[in-house]
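Just so it is clear, the structure is predicted and the values come from calculations on it, not from any experiment. Remember, it's 1-based here, ligands and their atoms both numbered in the order they're listed.
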Amino acid sequence: MPELPEVETVARGLRQAILGRRIISVTLGKTDFIDDPVALEQHLPGRRIEAVERYGKFMLLRLSAMNRERGVTTNGDAAPASLLVHLGMTGQIAPSPAGQPLEKHTHVCMLLDDGRELRYTDARRFGRIAYLTKASLAGELTGFGADPLEVSKEEFADRICGRRARIKALLLDQSVLRGVGNIYADESLWKAKIHPARLGANLSRKQAHTLRRVLQNILRKAIVLRGSSISDFLDAEGEPGEYQRHHRAYGREGKGCYRCKTPVRRAIVAGRSSYFCPRCQPSPRGFAALPLAGKNGRKTKRKDAEDAEKSRRRNGKSR
Ligand SMILES: [Zn+2]
């Protein structure tokens, strides 16, 4: 699923491409991922796209008040409004010449005043599109945590260190921080040498400060490289991102750690596959990684037995 850097990449592309354009008409395909399809058809035409913002993992297209000369004001809803676009797993949004044949799975076409169409395609339709008035937007945005690129180091530590939840779960929790997902959580925990299963409350404030710093650096670098393309992600020009080449933990199970060469391990934390170096990121007591599969299987089994023995001894001592 696109995370902060991928969504920021798409938002920047759209800003370049469609800012200031007016929507002339809307044509819809399948609508099961749209909150109120009729509202799109009724309320978008006549509005100018005045800003494209990223909020967490979704985008907000800020729309002007209805153009009064067009005289198509409906339901008295002429005030400025927003279009929320969440790309889900496979959503893509980009402008195309109106004459260009539709890609498969194109479900929203917005004809713009320069003759192009802003098209949304989504093979799996896990995305979401919603037309929001000022009031419904305010409701939509309550409950989100801080933006990880803007959060101060004290606020970040406050949001993490007081919580008896696993740090990986806290990073993924959009009410703690908005925009971080599985990839950038694992990458930043590896960089900060913090095991994903540690409890927030067991981290020192110094560790929280380090985590914030490396998370911000990783997100900024990923934005520069236009995000990570794991399966389907393409930016607003239809180009894949390049940050996947810089992954140090995510998806690297069994491969050597970039710092110490120990095979990267995987465990399920917060219901998600989590990749970490068992040496650089010591696990909390009693927490087990999944057995390593594949080529290194035999070596790994022996290593597992050693680890289990070590942990038995450690636990024995501590009791
Ligand atoms: Zn390591």
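A cation-pi contact links R248 to Y258, judged by a cut-off of 6.0 Å to the six-membered ring centre and 45° from its axis.
Between R205 and E154 there is a salt bridge, since a side-chain N of the basic residue sits under 4.0 Å from a carboxylate O of the acidic one. In this structure, E253 does not pair ionically with R265, as no charged nitrogen and carboxylate oxygen lie closer than 4.0 Å.
Listed by chain and residue number, nothing satisfies the salt bridge (charged side-chain N to carboxylate O under 4.0 Å, His left out) test with R212 (two or more places apart in sequence, or in another chain).
If you look at the Zn ion (ligand 1), the protein N, O or S atoms less than 2.8 Å from it are C257 SG, C260 SG, C277 SG, C280 SG.
Between K168 and N182, the side chains place a donor N or O and an acceptor N or O closer than 3.5 Å (distance only, hydrogens not considered). Side-chain contact of S228 with H247: a donor-acceptor pair under 3.5 Å is present, judged by distance alone.
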